[in-house]
Student: 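This is the structure I have questions about; it appears just below.
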Amino acid sequence: MKSIYKYILVGVFASSFSGCKPDLEVEPNLILQGELVWNDPTLAIGVLANYYDRLPIHTQLTVDANATTGLLGWPGAARYDEAIWSGSSDNTRNNIISYPFTDWQLWDYTLIRDINLALEDLSKSTQLTAVQKAQYTAELRFIRAYVYFEHVKRMGGVPIITSTLQYDFSGDPSPLRRPRNKESEVYDFIGSEVDAIKNELGNTGSNTRANKYTALALKSRAMLYAGSIAKYNAPYIGTLSLPNGEVGIPAEMAQGYYQKSLEASKEIINSGVYSLYKANTGNLGENFFEALTIKANNPEVIWAQDYLQAKGRVHNFAYNNIARSIREDNLASSSLAPTLNLVEDFEYLNGTSGELKGVGTGSNTAVGQQNWIFYTNLQDIFANKDARLYGTIMYPGTSFKARPLNIQAGVYVWNATTNKYDRFEGDLNSVYTDGKMLTGGGGPQRSAIDVTNTGFYVKKYMDTKTNTSSRGLGTDMWWVRFRLGEIYLNASEAAFELGLQSEALMYVNMIRERAGFGPNSLTTLTLERLQNERRVEMAFEDHRLWDLKRWRIAHILWNGVTGSPDATMYALYPYRIVRPGHPDDGKYVFDKIVAPRFQSPRFFQLGNYYSAIDQSIINNNPLIVRNPLH
Amino acid sequence: MAVIWCFSSVQLHAQQRTITGKVISENNEGLPGVTVLVKGTTNGTSTDPDGGFSLNVPDGSGALVVSFIGYVTQEVPINNRSSINISLAPDAKALEEVVVVGYGTQKRGTVTGAVSAIQGEELIRTPAPTTSGALVGKVPGVTTRQADSRPGGGANLQIRNMGDPLYVIDGIPSDASQFNNLGANDIENISVLKDASAAIYGLRAANGVVLVTTKKGKMGEKTSINLSGYYGMQNFTRFPQPANAYQYMRALAESDQNKGLPASLTPEILSKWQQGTEPGYRSTDYFDYIMRPNVPQYYLNANASGGSDKTNYFVSVNHLNQEALIKDYNFSRTNIQANLDAGIAKGLTVGTQISGRLEQRHQVGVPGVDDYPNVFLTVFSMWPTERPYANDNPAYVNQTHNVNVNPATYTEEITGWTDEWIRTFRGNFYAQYDLPFGLTAKGTYSYGFQNIAFENMEYTYKAYRYDQATDQYLTDPGWGNQNPWRRKSRRGIEDKFLQFQLNYDKQLGDHYVAAVAAFERQDNFNEFIQYNTFPTNNEIWLTRFVEQTNLVDQETQTARAGYISRINYNYKQKYLLELLGRYDGSYLYAPAKRWGFFPGVSVGWKILEEPFLKDRAGYLLNDLKLRASYGETGSEIGVNGLAPVAFGYYGGYDYAPTGLGASTVFNGALTTGLRPRGIPITNFSWVTNISSNVGLDLTMLDNKLTGSFDYFQRKRTGLPAPRYDVLLPSEVGTPLPNENLNSDANRGVEGALAYRSKAGNVSYSVGVNATVARIRLLEQYKPRFGNSWDEYRNGQLDRWSGVNNTNDPTNANLNSFGYQVVGQFQSQEEIDNYTIDNDGQGNRTQLPGDLIFKDVNGDKIINAMDERPINYALTANPYVSFGITTSASWKNFNLAIDFAGATMQSFQRAFELQIPFQNNGSSPAYMFENRWHHADPFNSDSPWIPGKYPAIRKDQSTHVNYRKSDFWVVNVSYIRMRNLELGYTIPQQILDRFGVSRLRVYANASNLFSIDNVKDLEIDPEISSSSGLVYPQQRLFNFGFNLSF
């Protein structure tokens, strides 16, 4: 008996000490090897899916989880002149002393390497068909061209790398150093890549994967940028330029780029594949809202980043930006508050300036009240405006999801002693002593968070479906990267710059007609008109900053001067008149004030036109030259 | 002769007397079996089970010699007494004390490593819900910081500030959660291995090892049944108190004034708030509203132990219940433990330790996955001018400015519930065979399973406003909460552990040899599944597929193995030597880099045994031992320098990677993304820890004073870093892989002193221990800097940890730089004439009372170049810790008082503790009181009144006042009375009547007071949350008993 135990023990010990090393290999459960991936179309498209999702944007509908200064997501829209920040108490976006030179910087060669790697792996595939290989190759090259465009518009010329750089671990990586290409060379690369691949892309009819017209839309936009930089940077040659052309495009190249842009735009327009969204002709404002938000059979959208609630792919843009009074979650709302500046840039339909009429100064004095017009309804002050205002911004007196926004800052009560109105403001949803609304559930409020600070809310990209502004469900609103509306404006601008007035007028008037201006509303054209047209048509679509940069007017508008009308962001506060027995009782007046949470005028310096290249990038590759003024 | 005899006989006849008495221990318990002898004779007796004795002595002179194993022998003069009670002191020499070390035990006298041990009785003296909480201040070298003391939360425990230690419970590697949730009465002892002595545990032991042994019965011991328990009341030590409505409204008025805005309220209204009597003008204190005073916690334990000649057993059940100060929040835990051994054949023993645990956390389902932060947020986010209920009617939740933090919703009926259950089971099974020639073979298999179930449901609810005019409660679809939330998750963790061990032990004359050889393997499997739904109502908690909104499904596996050997040798117990080595393998590294060998050596010299010293110092010293150790361990640090992440050596593509590109919608259908993984890292392997320690153990003054002192260093080599003298262009798109390049060191000293003595009837002891430990980066792979500022600001080489932000890649909170405040502007005139640009905007934003920063570089503008190191690593454990333990006993009473303290620990204020009206809420009262302000908030010409804090301006959180500066950072020092206990043991003669062998009752108080420098912030000195919104430690009063049969 005893000896049995002994033997068992001895046996066990002998086996444990004498045996070979134990196997400690653990199987990875989410890793697939390259050969497998590139021989299976489903997996290969999965790689494309990853790259499409990683494309750099600036003020898209999501917040980049790895947010760097270059890729902010929608909160970045509160840093310029379309909106200010009305969300959480972090007020940095309203108090930008000056834009740091590091803003918008991008050097994502990890993504470029991944694309080049995929191109190389794909070429080795044995199981995919020639058609599949050609299409995926074209798609990868389109993605790469797009990534280079995102780089060049921020950094100027960057090294064009089209194959993976392999380090041999020899200790000397200097053979891998590449200098920056010229700014123009990067734009040329984008143009030639589009030309080379546009017919290989396939994906006909898709507005989420790139097809021929997606590529042309990239070319339309990129060439327009190149042309305007060539033209409008001319006065700054010597200041905003580098000797070898890494920054700065010779003025004489402008025409060529405008020409290429116009050709690309026309190829899209004339193809007949796309048309402006006009499904809701009875309500032009609603129609414009739908043009970006209706996903099914939308004829205008060329390329979008889509989401799908049924599969849990959602984002929180609606949760963070829904109007306070109609939110469906008890935490956030109202983060982006559109500025009065933007609202006033929407013209009246008779073609006059969009400046609102009869607004007070908010100084709480008789003088400050003398210009008041007493409006019967809150929304009357916005009557006869460009229909795109309604489609872009939620303003006082309107509803969303069939619920009134209740935007009212307070009341003005007649004071017979002082012969002026006294202002009263309360908490949200407060009731004045006359039993009627004091301050509405939608604000505005001067210092509260998660309620508009300007009197307006964002409507563009807002989801109309129930509970989409809750964290629990989220919204699957898509982000439109290219749409025909932009292509018309690109064509109009390129034609204008090429001196083709009538062609330019034709394209811009088609856009304006949809906004309610009637046919041929413009008969002459200036660049300023086109600039304003782009501002109102494409507000919150990540164009404003880049447009101002390429026209070289950002430092003029955002000059950092206190009180400067374009650098200061304004709010519109609506009040109900309390003056029992008087005809004005119950009417509404409006005060235009500097948005209370706004603290520093926008200040864009010449050095902001090109983002700073990080010191570590220069350390790693001494051939990289610094951008001017840094 | 006859005369003599006769004389003696007469003497005997005349003087013979009987002495009765009792021998008691230091705990006032009767000691049975004690030898009582008349000095110089063989006349004697031994004590009865109660410690009593009766002895005939020839006369009233002479002395009794009282001796007992483990106690100091005493001589007691008889002095003609007939009744003598003797109290024996334990033999403090304790050289025969057995200390649990890795893979065995050693006599205290022959230990050569830095090992501290603490007995179970000392632990349960602090009635902390967690083991780490009970350990605070009691062990030298152990540092703690209890940043969050929510029910069931433990203290962050580190050994010599090296990082998270390895916990080994009954020989089985475990984790902090298992350690913290042991049944308090099941612990026999805890050993802390701090230097190379930990290296025997190799894998993950680089930060030291905490060894726990649970209780066992003794063979041949009669059954003993013990019941113990306590009931206590909890209150916060400190929590910042919110401003009242008047302070809040006055601050608003001041803010308008300071910002140059028209007043948004009138003096009349402010005065109404000041009176606070009129309806609508009453102040609400939301701290008082939420936090209940004197909430209960209780603990009960029952155990039985004993044994026959071949078996022994210990079975125990513990139950702990702790309510939170917040209603409906609670924590409870039930532990069972059964330890059995049986000798089933000669030399062969089999045994098992079986433990099980059920932890339950129940909370109200307030928004956020963690239900605590929102509740604390409420204290300052709610305005004191708002009421929780509309018209104070409890049927109607008030739609306050932020209903999300309205505490009226914090009930299960309104906002829902959260339940978490942790169920664990572990069984250790072993067989041991003792061979007659000193060899023992042992095989152990352990299986542990843990199931963590999480259920959270947050309801939708309505909120109301009261309309006075119509006497109606108004509501609106946008009010209250319309976002329901349901989350369900399950985690299953399986731990398997296998070990074979050979021990050899032999004394050959003056030579002693012991050897251990072992092999062990550990496998862990962890699976997790979680999903959310969007419920359509508050009633149904079972989930349905149609409501599902997401899914998380994860699986991780680990595998480790090691070969262990150790040899101990000593000569005459005077020269001590220990050699150890481990050969370890981990799944983390590429197959070719998987295994590493880590040797160690330690020596000891009992110097007092040398005649040259013994002759000279023997009268003073009882024992003196010098120790030195040097050992290596492998440490599993991941390639990225952070927590270990497997598969770094794999290339290929990640399926559904986290972050961007997990999936994309193509043509209306979701497509799963695949992302290239980058270059495989195959050359990375173990980080080597080299632990060196020199120490001294001494006993002196008749064994009354014992002490030990250690100087230590732990150097880590092979920390991951890229080879950055090779500058790979960023355009390559992939960084150079990390290699084992850098090294750092953690250095420090620690010491403990204990004095134990007796004065009259009072026995007492005092123990002091202290630790200083801090990391310094010693070697860095070819650091490069752009310029000298870059080196100063970002350099880490040869600097203490926490000075610059990447010193310790595992802690992002390490950045000591900030501004130095040299004063506050005293007047507008001073601001106007100030030549340094203090705010970067020409001082246009400055007001009297604003902070003046030191222009360190003298360039007349304050910017990042003026930042200097101002603090120690934030949120880190203190670099200096100390503890004082004292006890005294008199008759049946005993008193114990423990203190714990620390310094060189930093706290940074932000958010609610820094910004007035943070997040459009309110602020602590002291910030609205002790501030710069105009004498009259409605008259800007009234004079400025100085205060501590800058003038109040709402919504200016980005103002330069709120930059990180030494005004907002406190380098905290504290000493707190951790524990005070007064106990009384019921006299034996009373208990005997009831068949009870022992009954002790006690009252106990924890955290009665603290002396520190954060009192004016109203925070507990150990918290690290910069907003102060965290569950602080509790001040506890407990009443308890220990009862044995």
Side-chain angles (χ1 to χ4, degrees), chain A residues 2 5 9 13 16 22 24 26 28-34 37 46-47 49-50 52-54 65 89 91-92 95 109-110 112-114 117 159 161 165 167 173 176-178 206 208-209 306 308 311-313 325-331 427 429 435 447-449 470-473 617 620-621, chain B residues 262 345 348 401 403-404 433 441 443 465 467 469 478 481-485 500 519 521 534 549-550 555 557 559 561 585 587 594 646-647 650 652-655 659-661 663-667 670-676 726-734 786 918-920 954-955 957-958:
Chain A
K2 256 188 282 176
Y5 295 127
L9 275 170
F13 276 96
S16 72
L24 300 176
V26 172
N29 41 29
L30 283 169
I31 298 174
L32 293 171
Q33 291 308 320
V37 171
V47 178
N50 177 264
Y52 270 93
D53 203 39
R54 286 162 66 193
S89 64
N91 216 31
T92 49
N95 192 21
Y109 278 88
T110 306
I112 291 170
R113 178 192 172 84
D114 284 354
L117 180 73
I161 313 281
L165 299 175
Y167 174 50
L176 300 176
R177 292 175 188 164
R178 302 283 184 275
S206 175
T208 44
R209 278 177 73 181
D306 202 2
L308 187 61
K311 295 285 185 185
R313 186 170 157 86
S325 38
I326 58 169
R327 68 183 185 180
E328 294 156 312
D329 195 313
N330 59 357
L331 265 185
D427 297 339
N429 300 306
S447 79
I449 58 172
S470 66
R471 279 161 299 158
L473 276 193
I617 292 166
N620 288 341
N621 179 1
Chain B
L348 182 65
H401 85 281
V403 74
N404 178 55
Y433 191 71
R465 292 229 153 189
D467 181 22
N481 180 28
Q482 302 93 56
N483 178 48
W485 169 266
F500 298 108
F519 164 78
R521 176 177 178 127
F534 194 81
T549 56
N550 69 16
E555 240 180 55
Q557 239 181 305
Y587 72 105
R594 188 161 282 164
F647 313 123
Y650 266 83
Y653 289 75
D654 279 327
Y655 188 78
L660 282 178
S663 65
T664 295
V665 179
F666 281 152
N667 304 323
L670 199 66
T671 308
T672 306
L674 283 97
R675 181 174 179 149
V726 177
L727 289 170
L728 202 55
S730 310
E731 297 75 44
V732 172
T734 174
Q918 166 67 15
N919 246 340
N920 193 31
K954 193 169 186 257
D955 305 322
S957 58
T958 50

Student: Heavy-atom pairs under 4.5 Å with chain B: which of A/G312, A/S447, A/P173 has the most?
Tutor: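 Result: the option with the highest number of such pairs is A/S447.
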Student: For chain A, which candidate among B/N667, B/T671, B/T672 shows the most heavy-atom pairs at distances under 4.5 Å?
Tutor: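 The answer is B/N667.
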Student: Do A/N620 and B/L727 come close enough that some side-chain heavy atom pair is under 4.5 Å?
Tutor: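 They are in contact (side-chain heavy atoms under 4.5 Å apart), so the answer is yes.
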Student: Rounded to the nearest 0.5 Å, how far apart are NZ of A/K311 and CG of B/N550?
Tutor: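 Going from NZ on A/K311 over to CG on B/N550, the span is 13.5 Å.
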Student: Does any heavy atom of chain A fall under 4.5 Å from the side chain of B/S957, the backbone, both, or neither of them?
Tutor: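 Looking at B/S957, just its side chain touches chain A.
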Student: Identify which of A/I161, A/D427, A/L308 forms the greatest number of heavy-atom pairs closer than 4.5 Å to chain B.
Tutor: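 So the answer, after comparing A/I161, A/D427, A/L308, is A/L308.
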Student: Output the option from B/R521, B/Q557, B/R594 having the highest count of non-hydrogen pairs under 4.5 Å with chain A.
Tutor: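 Between B/R521, B/Q557, B/R594, the count favours B/R594.
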Student: Would you mind checking which part of A/P159 comes under 4.5 Å of any heavy atom in chain B, side chain (CB onward), backbone (N, CA, C, O), both or neither?
Tutor: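 Side chain of A/P159 only, per the 4.5 Å heavy-atom cut-off to chain B.
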Student: Checking heavy atoms, do the side chain of B/Y653, its backbone, both or neither come under 4.5 Å from chain A?
Tutor: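 Both backbone and side chain.
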Student: Between B/V726 and A/Y167, does the side-chain contact (heavy atoms from CB on, under 4.5 Å) criterion hold? Intermediate values first, please.
Tutor: CA-CA 10 Å; B/V726 177; A/Y167 174 50; 3.1 Å; yes
Student: Heavy-atom pairs under 4.5 Å with chain A - which of B/Y655, B/F647, B/W485 has more of them than the others?
Tutor: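 Option with the top pair count is B/F647.
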Student: Side chain, backbone, both or neither: which part of A/S325 has a non-hydrogen atom closer than 4.5 Å to chain B?
Tutor: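 The backbone, not the side chain.
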Student: What residue, out of B/L674, B/V403, B/N404, B/T664, has the most heavy-atom pairs lying under 4.5 Å from chain A?
Tutor: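 The option with the most such pairs is B/L674.
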Student: Can you tell which of B/G478, B/P729, B/A559 has the highest number of heavy-atom pairs within less than 4.5 Å of chain A?
Tutor: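 The answer is B/P729.
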Student: Flag the one option from A/L165, A/N95, A/L117, A/I326 with the top tally of heavy-atom pairs under 4.5 Å to chain B.
Tutor: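 Maximum pair count with chain B is reached by A/L165.
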Student: How far does CD of B/Q918 sit from CD1 of A/I449, to the nearest 0.5 angstrom?
Tutor: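 Answer rounded to 0.5 Å: 8.0 Å.
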Student: Side chain, backbone, both or neither: which part of A/R313 has an atom under 4.5 Å from a heavy atom of chain B?
Tutor: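 Answer is side chain: those atoms of A/R313 sit under 4.5 Å from chain B.
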Student: Non-hydrogen atoms of chain B under 4.5 Å away: do they reach the side chain of A/D329, the backbone, both or neither?
Tutor: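 Answer is both: backbone and side chain atoms of A/D329 are under 4.5 Å from chain B.
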Student: So, taking the atom named CZ in A/R177 and the one named CD in B/E731, what distance separates them when rounded to the nearest 0.5 Å?
Tutor: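 That separation rounds to 10.5 Å.
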Student: What part of B/F666 lies closer than 4.5 angstrom to a heavy atom of chain A: side chain, backbone, both or neither?
Tutor: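 Both backbone and side chain of B/F666 come within 4.5 Å of chain A.
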Student: Which atom names give the shortest non-hydrogen contact between B/P676 and A/R54, and what distance separates them?
Tutor: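 Scanning both residues completely, I find the closest heavy atoms to be CD-NH1, 4.4 Å.
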Student: I'd like to know which of A/L32, A/I112, A/N621 tops the heavy-atom pair count under 4.5 Å against chain B.
Tutor: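 Of A/L32, A/I112, A/N621, A/L32 has the most heavy-atom pairs under 4.5 Å with chain B.
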Student: Would you check if B/R675 and A/N50 make a side-chain contact, meaning some heavy-atom pair closer than 4.5 Å?
Tutor: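 Side-chain contact under 4.5 Å: yes.
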Student: Give me the atom names and distance for the closest heavy-atom approach of A/A49 to B/G673.
Tutor: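 Result for this residue pair: CB-CA, 4.3 Å.
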Student: Rounded at 0.5 Å granularity, tell me how far CG in A/L24 sits from OH in B/Y587.
Tutor: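 One gets 11.0 Å once the value is rounded to the nearest 0.5 Å.
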Student: Between A/T92, A/L473, A/L331, A/D114, which residue shows the highest count of heavy-atom pairs closer than 4.5 Å to chain B?
Tutor: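 Answer, by heavy-atom pair count under 4.5 Å with chain B: A/L473.
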Student: Highest number of heavy-atom pairs under 4.5 Å with chain B: which of A/N29, A/I31, A/T110?
Tutor: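 Heavy-atom pairs under 4.5 Å are most numerous for A/I31.
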Student: Give, as side chain, backbone, both or neither, the part of A/V37 having an atom under 4.5 angstrom from any heavy atom of chain B.
Tutor: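 A/V37 touches chain B through side-chain heavy atoms alone.
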Student: Can you say whether A/L30 sits under 4.5 Å from chain B via the side chain, the backbone, both, or neither, judging by heavy atoms?
Tutor: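 The answer is both parts of A/L30.
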Student: Would A/R471 and B/N483 count as a side-chain contact (heavy atoms from CB on, under 4.5 Å) here? Give the steps.
Tutor: CA-CA 7 Å; A/R471 279 161 299 158; B/N483 178 48; 3.4 Å; yes
Student: Ignoring hydrogens and angles, state whether a donor on the side chain of B/T958 or A/N91 is under 3.5 Å from an acceptor on the partner side chain.
Tutor: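 B/T958 vs A/N91: no donor-acceptor pair found between side chains.
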